[in-house]
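To keep things clear, I will list the structure first and then write my remarks on it.
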Amino acid sequence: MSIALVTGANRGIGREVARQLAEREYTVILTARDEEKARSAADELPGDVRALALDVSDPASIAAAAEEVADDPGSLDVLVNNAGAGADFGVSGADPDFHAIQQSLDTNFFGAYRLTVALLPLLRRSEHPRVVSVSSGMGGIAEMGGWSPGYRVSKASLNAMTRILSTELADEGVLVNSACPGFVATDMGGPMGATKSVEDGASGVVWLATLPDDGPSGGFFRDGEPVAF
Ligand SMILES: NC(=O)c1ccc[n+]([C@@H]2O[C@H](COP(=O)([O-])OP(=O)(O)OC[C@H]3O[C@@H](n4cnc5c(N)ncnc54)[C@H](OP(=O)(O)O)[C@@H]3O)[C@@H](O)[C@H]2O)c1
């Protein structure tokens with residue numbers, strides 16, 4: 001039995017990643033910051049899908065969730081850091097909203113980083129541990145443009161975490177990668193005109209979550225193809 005935990009999985013890409021992993025017979029721990037929403041999303045999905053409350057911006061919630069997973073099921077094969085917030089889309093970097101930048105960092109970077117470190121002892125028990133962080137092309141420094149500074153910096157930081165941890169964990173066989181889902185028609189992307197389906201956006205994430213042991217680590221991919229960091 002392989003076990004996967006997905007954050008922010010009550011809707012959007014996270015929910016679809018949970019669905020696709022359950023379809024591949026993973027036991028999925030579907031997490032959401034609202035416990036009721038986690039439960040109803042888990043109930044709606046076929047397969048072995050369990051609900052867990054987890055607000056990644058709250059270190060106490062991370063500690064409590066890690067303890068619950070350590071108690072039962074006691075190990076973890078796949079972590080998908082999907083939860084994300086776009087608190088300052090379209091805001092000028094020259095006229096920033098520092099509160100929104102902090103919010104973006106708390107969820108998109110500190111949340112994913114703290115959770116990954118909290119779950120590392122459980123991932124180390126896996127024979128095929130995988131960490132996938134759902135990033136964004138907007139966090140790629142090589143082609144970075146203006147606006148949305150909090151979102152961009154938080155995703156660039158997330159990508160840095162991928163590189164740091166993939167390097168340090170290489171000898172232990174933990175494959176750590178970042179994924180850009182593309183411009184996906186979710187509650188986040190839809191209002192900005194995204195047309196890519198949620199299924200297609202999630203499939204590149206699931207590919208990284210289910211890599212074979214000789215798969216890449218320390219990479220940044222969209223639809224299975226490398227993206228510039
Ligand atoms: N859609 C796109 O075009 C696109 C493009 C590039 C990257 N991405 C990334 O893809 C990921 C998923 O986005 P999406 O498009 O599916 O957006 P979405 O539909 O807005 O879903 C975001 C999810 O993150 C959760 N979340 C936000 N803050 C959280 C927190 N503090 N703790 C736990 N969960 C939290 C939300 O929960 P609530 O329901 O409680 O708010 C929701 O489940 C994000 O990391 C996003 O940055 C999306």
Side-chain angles (χ1 to χ4, degrees), residues 5-20 28-42 44-45 51-66 79-90 100 102-116 118 131-140 143-144 148 150-159 161-162 177-206 208-209 220-223 227:
L5 186 147
V6 186
T7 65
N10 52 300
R11 60 188 167 99
I13 294 163
R15 183 183 184 282
E16 177 60 18
V17 167
R19 192 194 68 74
Q20 292 186 18
V28 177
I29 304 169
L30 184 158
T31 75
R33 55 183 162 177
D34 180 321
E35 191 168 3
E36 264 316 300
K37 288 183 181 170
R39 191 162 300 127
S40 68
E44 278 166 25
L45 295 180
L52 180 65
L54 173 55
D55 180 341
V56 300
S57 69
D58 176 1
S61 175
I62 288 178
L79 167 62
V80 180
N81 288 311
N82 165 79
D88 69 348
F89 283 132
Q102 188 67 57
Q103 277 185 315
S104 304
L105 284 166
D106 284 345
T107 298
N108 302 353
F109 171 60
F110 286 109
Y113 195 178
R114 278 203 180 94
L115 182 66
T116 305
V131 177
V132 187
S133 294
V134 183
S135 182
S136 166
M138 289 176 73
E143 294 170 13
M144 189 165 288
S148 318
Y151 189 74
R152 288 184 185 280
V153 169
S154 68
K155 295 297 191 183
S157 303
L158 186 62
N159 286 346
M161 179 196 85
T162 287
N177 289 288
S178 285
C180 171
F183 193 29
V184 180
T186 59
D187 291 349
M188 182 182 287
M192 294 187 272
T195 54
K196 187 171 181 175
S197 74
V198 179
E199 291 79 3
D200 288 348
S203 66
V205 179
V206 170
L208 289 170
F220 184 23
F221 298 93
R222 183 187 301 119
D223 299 327
V227 185

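Whatever order the structure lists ligands and atoms in, that order sets their numbers, starting from 1. None of the values given here were measured: they were computed from a predicted structure. Throughout, residue positions are numbered sequentially from 1 according to the sequence presented.
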Point to revise | Which residue and heavy atom of the protein sit nearest atom 44 (C) of ligand 1, plus the separation | key: Asn82 O, 3.2 Å

Practice item. Using the test ring-ring contact (aromatic ring centres under 6.0 Å, His included), find all partners of Phe221 that sit at least two apart in sequence or belong to another chain. Key: Trp207

Check your understanding: Do Gln20 and Leu45 touch side chain to side chain, with heavy atoms closer than 4.5 Å?
Key -> no

Check your understanding: So, does Lys196 use its side chain to make a donor-acceptor pair with the main chain of Gly189 at under 3.5 Å?
Key -> no

Exercise for review: For the pair Ser203 (side chain) and Asp200 (backbone), establish whether a donor and an acceptor sit closer than 3.5 Å, ignoring hydrogens and angles.
Suggested key: yes

Review point. Quick one: does Gly86 get a heavy atom under 4.0 Å from ligand 1?
Key: no

Check your understanding: At a non-hydrogen distance cut-off of under 4.0 Å, which region of Arg15 contacts ligand 1 (side chain, backbone, both, or neither)?
Key -> neither

Check your understanding: How far is atom 14 (P) of ligand 1 from its nearest protein heavy atom, and which residue and atom name does that atom have?
Key -> Thr186 OG1, 3.5 Å

Point to revise | Ile29 and Val6, any side-chain heavy atoms less than 4.5 Å apart | key: no

Check your understanding: Arg39 side chain to Ala51 main-chain N or O, any donor-acceptor pair under 3.5 Å?
Key -> no

Point to revise | Closest protein heavy atom (residue, atom, distance) for atom 31 (N) of ligand 1 | key: Asp55 OD1, 2.9 Å

Practice item. Tell me which protein heavy atom sits closest to atom 34 (N) of ligand 1, plus the residue, atom name and distance to 0.1 Å. Key: Ala83 CB, 3.4 Å

Check your understanding: Short question: side chain of Thr186, backbone of Met188 - any donor-acceptor pair under 3.5 Å?
Key -> yes

**Study point:** Side-chain donor or acceptor of Asn82 paired with backbone N/O of Val134 under 3.5 Å
**Key:** no

Review point. Under 3.5 Å, side chain of Ser148 to main-chain N/O of Tyr151, donor-acceptor pair present?
Key: no

Point to revise | Identity and distance of the protein heavy atom lying nearest atom 7 (C) of ligand 1 | key: Ser135 O, 3.1 Å

Exercise for review: Give the residue and atom name of whichever protein heavy atom lies nearest to atom 3 (O) of ligand 1, and the separation in Å to one decimal.
Suggested key: Val184 N, 2.8 Å

Exercise for review: Side-chain contact test, heavy atoms from C-beta onward, threshold under 4.5 Å: evaluate it for Val184 versus Ser197 and give yes or no.
Suggested key: no

Practice item. Please could you name the atoms of ligand 1 that Asp187 approaches to less than 4.0 Å, counting only its heavy atoms? Key: 19 (O)

Practice item. Output yes when the distance from some N or O of ligand 1 to some N or O of Ser136 is under 3.5 Å, and no in every other case. Key: no

Practice item. Check each heavy atom of Ala32 against ligand 1 and say whether those closer than 4.0 Å belong to the side chain, the backbone, both or neither. Key: neither

Review point. Is the shortest N/O to N/O distance between Gly8 and ligand 1 below 3.5 Å?
Key: yes

Review point. Should Asn10 be counted as touching ligand 1, given the test is an N or O pair under 3.5 Å?
Key: yes

Exercise for review: Tell me which protein heavy atom sits closest to atom 10 (O) of ligand 1, plus the residue, atom name and distance to 0.1 Å.
Suggested key: Val134 CG1, 3.2 Å

Exercise for review: Report yes or no: does a heavy atom of Thr7 sit under 4.0 Å from some atom of ligand 1?
Suggested key: no

Review point. By number and element, which atoms of ligand 1 are closer than 4.0 Å to a non-hydrogen atom of Gly189?
Key: 1 (N), 3 (O)

Exercise for review: State, yes or no, whether a side-chain contact exists between Ile62 and Asp58 at a heavy-atom distance under 4.5 Å.
Suggested key: no

Practice item. Please report which non-hydrogen protein atom sits nearest to atom 18 (P) of ligand 1, along with the residue it belongs to and the distance in Å to one decimal place. Key: Arg11 NH1, 3.4 Å

Point to revise | For Val56, the ligand 1 atoms whose distance to one of its heavy atoms is below 4.0 Å | key: 30 (C), 31 (N), 32 (N), 33 (C)

**Study point:** Note, Met138 side chain near Lys155 side chain (heavy atom, < 4.5 Å)
**Key:** no

Practice item. Number the atoms of ligand 1 from 1 as they appear, then name those within less than 4.0 Å of a heavy atom of Gly12, with their elements. Key: 16 (O), 19 (O)

Point to revise | contact_flag Gly111 ligand 1 heavy-atom lt 4.0 Å | key: no

Point to revise | Ala194 contact mode with ligand 1 (heavy-atom cut-off under 4.0 Å) | key: neither

Practice item. Considering the heavy atoms of Thr107, write down every atom of ligand 1 situated less than 4.0 Å from one of them. Key: 28 (N), 29 (C), 31 (N)

Study note, to complete from the structure: Note: ligand 1 atoms sitting under 4.0 Å from heavy atoms of Gly182 are 2 (C), 3 (O), 4 (C), 5 (C), 6 (C)

Point to revise | Contact atoms of ligand 1, heavy-atom distance to Phe183 under 4.0 Å | key: 3 (O)

**Study point:** N-O pairing of Arg15 and Glu44 below 4.0 Å
**Key:** yes

Review point. Between Ile13 and ligand 1, does any nitrogen or oxygen pair lie at a separation below 3.5 Å?
Key: yes

**Study point:** Electrostatic pair Asp34:Arg11 at N-O distance under 4.0 angstrom
**Key:** no

Review point. Is it true that the side chains of Asn108 and Ser154 contain a donor and an acceptor less than 3.5 Å apart?
Key: yes

Practice item. Look only at the side chain of Thr7 and the backbone of Asn81, and say whether a donor-acceptor pair between them is shorter than 3.5 Å. Key: no

Exercise for review: Would you mind running through ligand 1 and noting each atom that sits below 4.0 Å from a heavy atom of Tyr151?
Suggested key: 6 (C), 7 (C), 8 (N), 9 (C), 46 (C), 47 (O)

Practice item. Determine, using heavy atoms of Leu54 and all atoms of ligand 1, whether some pair is separated by less than 4.0 Å. Key: yes

